[in-house]
Amino acid sequence: MKKKKIALITGITGQDGAYLAKFLLKKNYKVFGIKRRTSTINTSRIDDIYQEDTSNKKNNFILKYGDVTDPANINSLINEILPDEVYNLAAQSHVQVSFATPLYTSMTNSLGVINILESIKELRSKKKIKFYQASTSEMFGNHTQKILNEKSNFKPVSPYGSSKVFAYWLTKNYRDSYDIFAVNGILFNHESPLRGETFISRKVSIHVAKKFLGEKKILRIGNLYSKRDWGHAEEYVEGMWKMMQHKEPQDLILATNKSYTVKEFIERAFKEINIKLKWVGKGLKEKAVNSKTGEICVMVDEKYYRPNELHYLKGNPQKAFKNLKWKPKINFNTLIKEMVHSDIAKFENDKF
Ligand code: NAP
Ligand code: G4F
């Protein structure tokens, strides 16, 4: 019988970690996830696949406590598990928060990568371990180029983006220097019902769902005019895996090649609950009212502006299509529909 492949996922409790773990279990992998100790339980995204009994040999999903900033912990876990593939999804992944916590963000997003790559390097005579790094479109910063590709240069505009550029180059350095199969997946924004609640897409879908269920609050929002290339996380984790199965390690973009403003996202989400928005005012005074009733639905709030903004993102996924046969199918409208209806179902029985 063919031996099961072993995957180790950092960032297992996050959006992508959860989708990737489920995807790999379906592919018959044994999956280990690294989870931080937290004062309140934060495993809701993976509770459906978690089994407590670690002695059961049929249990293919195992959680280990750890933190990518702790080299001793990472080294001992990689030595103990001896994975075939490591997917490094752990990050302080919120761009606005990275302006408030630049050092912590860099320790996790950059130095954490060194800890993993060093362990893989030290083990390479014993086992060839493949490495996936969760790189990001945020590395590109503001460009005049309308569609970004793998050759576009990096000029990040946030501590988060800068920390990820460092990690990108480390991944490439270890690949070139030590012949490690190490790849950067340069992923544009991807969302889902499992998206963190403070990212714009989920903040909006939760707000709209609660409004549908009777809540009266106003949605307070930052920059309405930045544009993002929004895909679905479930499709993107398949792309990660495909990159790791390719014969050559390659850094590839995953994106939809479509771009929409935050404003368009909000309009589309309200439309899902049959509210047509009418925008009035400008700048910090801009707001949206229900076009039928005049009720204020959305207001701009300076609190959500960033010290610097990445205004526009659109990626060209042609290379991933050609080399991996990876192509996103879920479009902007379908993504928003799924997110809003999932949150309506989630909050239907809750009091808020
Ligand atoms: P997410 O939901 O914010 O999840 C981040 C994960 O990293 C969580 O499990 C978090 O654990 C964990 N983590 C944070 N600091 C850690 C540390 N020091 N040690 C170990 N684990 C740590 O992010 P995501 O949306 O799933 O994204 C996954 C990865 O892809 C991230 O690296 C992100 O930067 C990158 N990325 C995301 C997108 C996107 O649009 N989603 C696009 C491009 C790249 P806790 O639950 O304990 O906080
Ligand atoms: O949803 P966001 O916070 O995502 P952002 O900054 O694009 O970063 C996400 O995508 C990156 C890939 O490009 C990832 F690497 C990163 O880890 C993360 O997953 O914000 C999207 C846009 C921004 O322009 C922001 O200024 O929405 C704007 N925005 C307006 N009001 C807001 C808000 N963003 C948030 N989070 N909250 C607001 O109230």
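Keep in mind that the numbers below use all heavy atoms, side chains included, and drop hydrogens, waters and symmetry copies. For ligands, and for the atoms within them, numbers begin at 1 and follow the listed sequence.
- Sorted by chain then number, the residues whose non-hydrogen atoms approach ligand 2 to under 4.0 Å are Ser93, His94, Val95, Thr136, Ser137, Glu138, Tyr160, Asn189, Arg195, Thr198, Phe199, Ile200, Lys203, Ile221, Gly222, Asn223, Ser226, Arg228, Val262, Tyr304, Arg306, Glu309, Leu313.
- Around atom CZ of Phe212, no more than 12 heavy atoms belonging to other residues, nucleotides or ligands sit under 6.0 Å away.
- The one candidate from Leu148, Val165, Asn153 that meets the side chain to side chain contact (heavy atoms under 4.5 Å, CB included) condition with Met139 is Val165.
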Below 3.5 Å, can you tabulate the donor-acceptor pairs from side chains in residues 316-323 to any protein atom, sequence neighbours excluded?
residue	atom	partner	partner atom	Å
Asn316	OD1	Gln318	N	2.9
Asn323	ND2	Gln250	OE1	2.9

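- Here Tyr160 is tied into one hydrophobic group with Val95, Phe99, each link being a pair of ILVMFWY side chains closer than 4.5 Å.
- Within 6.0 Å of the NZ atom in Lys276, the count of heavy atoms belonging to other residues, nucleotides or ligands does not exceed 12.
- Annotation for Lys4: atom NZ counts as buried by contact number, over 12 foreign heavy atoms lying within 6.0 Å.
- Both tests hold for Lys203 against Tyr304: distance to the six-membered ring centre under 6.0 Å, angle to the ring axis within 45°.
- Judged by a 6.0 Å distance limit and a 45° cone about the ring axis, Lys22 is not positioned over the six-membered ring of Phe61.
- Each of Gly11, Ile12, Thr13, Gly14, Gln15, Asp16, Arg36, Asn42, Asp67, Val68, Leu89, Ala90, Ala91, Ser93, Tyr104, Thr108, Ala134, Ser135, Thr136, Tyr160, Lys164, Leu187, Phe188, Asn189, His190, Arg195 has a non-hydrogen atom positioned under 4.0 Å from some atom of ligand 1.
- When the shell of 6.0 Å around NZ of Lys287 is examined, it contains 12 or fewer heavy atoms from other residues, nucleotides or ligands.
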